[in-house]
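Report on one structure; see the data block that follows.
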There are 2 protein chains.
Amino acid sequence: MDAFAARGYNNASLAEIADRVGLTQAGVLHYFRSKSLLLTSVLELRDETDIEQLGTERPHGLEFLRHLVDTARRNAEREGIVRLYAVLSAESVTDDHPAQVYFRDRYAGLRAFVTDAVTEACGLDASDIRARTAANAVIAVMDGLQVQWLLEPGAVDMTASTGLVIDSILAGLRR
Amino acid sequence: MDAFAARGYNNASLAEIADRVGLTQAGVLHYFRSKSLLLTSVLELRDETDIEQLGTERPHGLEFLRHLVDTARRNAEREGIVRLYAVLSAESVTDDHPAQVYFRDRYAGLRAFVTDAVTEACGLDASDIRARTAANAVIAVMDGLQVQWLLEPGAVDMTASTGLVIDSILAGLRR
DNA sequence: GCACACCCACTGAACACTTAGTAAGTGGTC
DNA sequence: GACCACTTACTAAGTGTTCAGTGGGTGTGC
């Protein structure tokens, strides 16, 4: 995780990773057949532990959207994970990137989740595309803030900006 | 530009770039002393041509924010440039990336510009930090949408989502 | 005796960058 | 207009390094 976050997938080397876990390069490849399999395994593990932490109770509607602001707040304390996702999600749009499928699926799921929450929170019709437009914007703002924050932490308040966008959009859609 | 956009800085090779311009690898290094200098030159050239196109008249306040929505619309027709910035801005947060300074400066300038525009458009006090919070969010939403759009163009309407965020935030701040 | 968990030593490819050279042109001098 | 010194625009052939991945081991525990 740290290696991929600090250097991206392409520029991280198995030798460096092996070193940090006290193995040789060949030792790492004993467990993961290839570098790209290691990357997808790291991403899957990250998802699993996140889901475990979340528990079985998943908030809905407005509560879910408030939860996103909390996530932004918590993210400001977890630079490693933020960096991992910020770097890899953008790198994944390059040709033949091994995490491309992962991120496409991840965003599809996220969009569906947030769209539902917006629809519910604003009492919109399920066919109202404004919910999807809003959901995409909410996801985008969180991602975009991370890049700015990683480059210059003092210049960005992820919690405030995320909260402002969510509040403003909800207020607008409710009218 | 195409090479760095399609493969990122680290994974693009001078040999490939040389091939596409009909030179040898050494021929490219005759003009640009190093790969990282080539990257920064590409980014600077991009800025220069953008500034030339913009002309001398720069919109202010509300007009500038409307202009951002137009930019989002135009970007949907310029995948190459969108990819270049989306990939490189995120890659730049990795250790010792040659474009790190470029993007830090770029975001600092952008934040100042958009903050001024929001302040003016909403008639806020110059010291009101909500303008900066809003500006960061507007920039972030545009960046974040690009990554989603590059991964799955059909799933994202950059114009609509950008417009929604700007309109909602302005409406909220004006009250 | 067998399976697992590794390491050592290697391979071949790719990479950025260097060096030495060539061919074409440019400007000045006799 | 012939010669010369110098520059520019490259190329060919390297250099040393780094990389992911392989194959053949060896030790350890069951």
Side-chain angles (χ1 to χ4, degrees), chain A residues 1-46 48-49 80 83-103, chain B residues 1-46 48-49 80 83-103:
Chain A
M1 267 190 53
D2 283 353
F4 286 140
R7 315 176 69 82
Y9 171 72
N10 282 308
N11 211 33
S13 80
L14 288 177
E16 178 203 348
I17 293 165
D19 232 45
R20 292 179 62 172
V21 294
L23 285 180
T24 62
Q25 188 204 49
V28 171
L29 288 171
H30 170 71
Y31 291 103
F32 304 93
R33 297 227 173 129
S34 71
K35 189 185 176 186
S36 81
L37 193 74
L38 173 60
L39 176 67
T40 53
S41 301
V42 165
L43 291 172
E44 269 162 32
L45 177 67
R46 207 39 275 158
E48 273 170 34
T49 56
R83 182 170 248 118
L84 183 74
Y85 279 102
V87 169
L88 291 180
S89 64
E91 197 181 19
S92 80
V93 313
T94 59
D95 292 351
D96 306 318
H97 196 281
Q100 204 166 102
V101 170
Y102 172 86
F103 279 105
Chain B
M1 267 191 53
D2 284 354
F4 286 140
R7 314 175 70 81
Y9 171 72
N10 281 309
N11 210 34
S13 80
L14 287 177
E16 178 204 347
I17 292 165
D19 233 45
R20 292 180 62 173
V21 294
L23 286 180
T24 61
Q25 192 203 45
V28 172
L29 287 172
H30 170 71
Y31 292 103
F32 304 92
R33 296 225 172 133
S34 71
K35 191 187 176 185
S36 79
L37 193 75
L38 173 59
L39 175 68
T40 53
S41 301
V42 165
L43 291 172
E44 268 161 33
L45 177 67
R46 208 35 279 154
E48 273 170 34
T49 56
R83 181 170 249 117
L84 183 74
Y85 280 102
V87 169
L88 291 180
S89 63
E91 197 181 18
S92 78
V93 314
T94 58
D95 293 350
D96 306 317
H97 195 281
Q100 206 167 99
V101 170
Y102 172 86
F103 279 107

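Please read these numbers as outputs of a predicted model, since none were measured by experiment. Just so we're on the same page: letters track the sequence lines, and every chain starts at 1. Computed from heavy atoms alone, side chains included, the values below leave out hydrogens, waters and symmetry copies.
Across dA9(D), dA12(D), dA20(D), the shortest atom-to-atom separation from the side chain of S13(A) is found for dA20(D). The side chain of H30(B) lies closest to dA9(D), out of dG21(D), dA9(D), dC7(C). Listed candidates were dT22(D), dA12(D), dG21(D). Nearest to the side chain of A26(A) is dT22(D).
As rounded to whole Å, 14 Å separates atom C1' of dG21(D) from atom CD1 of I17(A). To the nearest angstrom, C1' of dA16(C) lies 14 Å from CG of L37(B). Atom-to-atom, OH of Y9(B) to P of dC15(C) comes out at 13 Å; the value is rounded to the nearest Å. One interatomic measurement links the two molecules: NZ of K35(B) to C1' of dT18(C), which rounds to 17 Å at whole-angstrom precision. One can place CG of L29(A) at 20 Å from P of dG25(D), the figure rounded to the nearest angstrom. Summarising the geometry, the separation between CG on N11(A) and P on dT17(D) is reported as 18 Å, rounded to the nearest angstrom. Atom-to-atom, CG of N10(B) to C1' of dC15(C) comes out at 11 Å; the value is rounded to the nearest Å. Straight-line distance from the CG atom of L23(B) to the P atom of dA12(D): 11 Å, rounded to whole Å.
At the heavy-atom level, A12(A) lies under 4.0 Å from the strands shown only through sugar-phosphate atoms. Backbone-only engagement by L14(A) is indicated by non-hydrogen atom pairs under 4.0 Å involving sugar-phosphate atoms exclusively.
For Q25(A) against dC19(D), no side-chain N or O and base N or O form a donor-acceptor pair under 3.5 Å.
In this view, R20(B) and D2(B), E16(B) satisfy the side chain to side chain contact (heavy atoms under 4.5 Å, CB included) rule, not counting sequence neighbours.
Using a 4.5 Å cut-off on side-chain heavy atoms (C-beta onward), F4(B) and L38(B) make contact.
No option in I17(B), L29(B), L14(B) other than L14(B) meets the side chain to side chain contact (heavy atoms under 4.5 Å, CB included) test with K35(B).
Each of T24(B) and S34(A) was matched to the nucleotide of DNA chain D holding its nearest heavy atom; the match closer to the 5' end belongs to T24(B).
Distance check: L45(A) CG to M1(A) CE gives 8.5 Å after rounding to the nearest 0.5 Å.
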### Query
Can you check side chain to side chain contact (heavy atoms under 4.5 Å, CB included) on H97(B) and F103(B), steps first, answer last?
CA-CA 10 Å; H97(B) 195 281; F103(B) 279 107; over 6 Å; no
